[in-house]
Amino acid sequence: MKIYQILLAAALVATASFSAQAQHSHKPGAAAHGHKAAGETHAHQSPHGGVVRTAGAYHLELVQQAGEVHVYLLDANEATMAPTGTTGSVMLLTTAGKTSTAAFKLTGDHLVAQVPAGTTVRTAIVSLKAQGKSLSARFEKLDAAAKTGKAVSAAYQCPMQCEGSASDKPGACPKCGMALVKKA
């Protein structure tokens with residue numbers, strides 16, 4: 001089993017170095033900084049202090065406020081875009097294991113959905129129809145961000161991409177034990 005993990009890790013490292021070069025080709029319709037996976041975490045600051053995820057050629061930023069979830073539509077350079085005509089909803093998964101769905105309402109330069117009273121959101125799955133495109137992004141560990149008052153931004157992950165391995169600091173993957181690598 002360990003030989004398989006070593007061989008797979010070597011293949012991933014070789015692929016990562018090739019894909020890191022390909023990521024920054026700035027193909028039309030791709031995010032300007034070449035993120036390769038929808039919904040991945042950005043290691044840099046977000047424009048409104050929330051959590052940013054890639055959604056197709058765009059980005060979505062989720063900001064939690066008392067009893068509300070705010071979502072900003074961002075372009076490939078992470079500048080706020082006018083959400084005119086944008087519709088959608090958010091599925092909220094709570095720390096109590098309950099699920100609810102809330103529709104977004106257009107408010108100025110972003111969208112707002114109401115969170116049920118007394119709810120601590122663990123995960124939010126945003127689904128939007130913007131500029132003729134369907135966009136979606138998953139925001140996880142929001143309850144940890146609410147406790148600290150900061151957005152959780154994982155800058156390190158397992159090269160094997162094990163679930164639950166993302167971290168904001170270097171270390172080892174809790175599942176496979178491999179050293180976490182800095183995200184590009």
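Worth saying up front: this structure is predicted, and the values here are computed from it rather than measured.
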Minimum heavy-atom separation for [X] to [Y], with atom names?
{"X": "F104", "Y": "L111", "result": "CD2-CB, 3.7 Å"}
{"X": "V63", "Y": "H48", "result": "CG2-O, 3.8 Å"}
{"X": "A172", "Y": "G177", "result": "CB-O, 3.9 Å"}
{"X": "A102", "Y": "A113", "result": "CB-CB, 4.0 Å"}
{"X": "G88", "Y": "L128", "result": "CA-CD2, 3.9 Å"}
{"X": "L60", "Y": "F139", "result": "O-CZ, 3.7 Å"}

First locate atom [atom1] of [X], then atom [atom2] of [Y], and finally report the distance between them rounded to the nearest 0.5 Å.
{"X": "E78", "Y": "Y58", "atom1": "CD", "atom2": "OH", "value": "14.5 Å"}
{"X": "L142", "Y": "T95", "atom1": "CG", "atom2": "OG1", "value": "11.0 Å"}
{"X": "L73", "Y": "E61", "atom1": "CG", "atom2": "CD", "value": "11.0 Å"}
{"X": "K141", "Y": "T123", "atom1": "NZ", "atom2": "OG1", "value": "10.0 Å"}
{"X": "H110", "Y": "T86", "atom1": "NE2", "atom2": "OG1", "value": "12.5 Å"}
{"X": "T54", "Y": "L74", "atom1": "OG1", "atom2": "CG", "value": "10.0 Å"}

Report task. Keeping the roles fixed (side chain from N77, backbone from A79), state whether a donor-acceptor pair exists under 3.5 Å. Result -> no
Query raised in the report: Does the side chain of L92 come within less than 4.5 Å of P116's, by heavy atoms?
Result: yes
Query raised in the report: So V121 and V115, side chain to side chain contact (heavy atoms under 4.5 Å, CB included) or not? Walk me through it.
Result: CA-CA 8 Å; V121 177; V115 175; 3.9 Å; yes
Query raised in the report: Do the side chains of V51 and M81 join up, straight or via other hydrophobic residues, at under 4.5 Å, putting them in one cluster?
Result: yes
Query - E68-H70 side chain donor-acceptor pair, cut-off 3.5 Å - result: yes
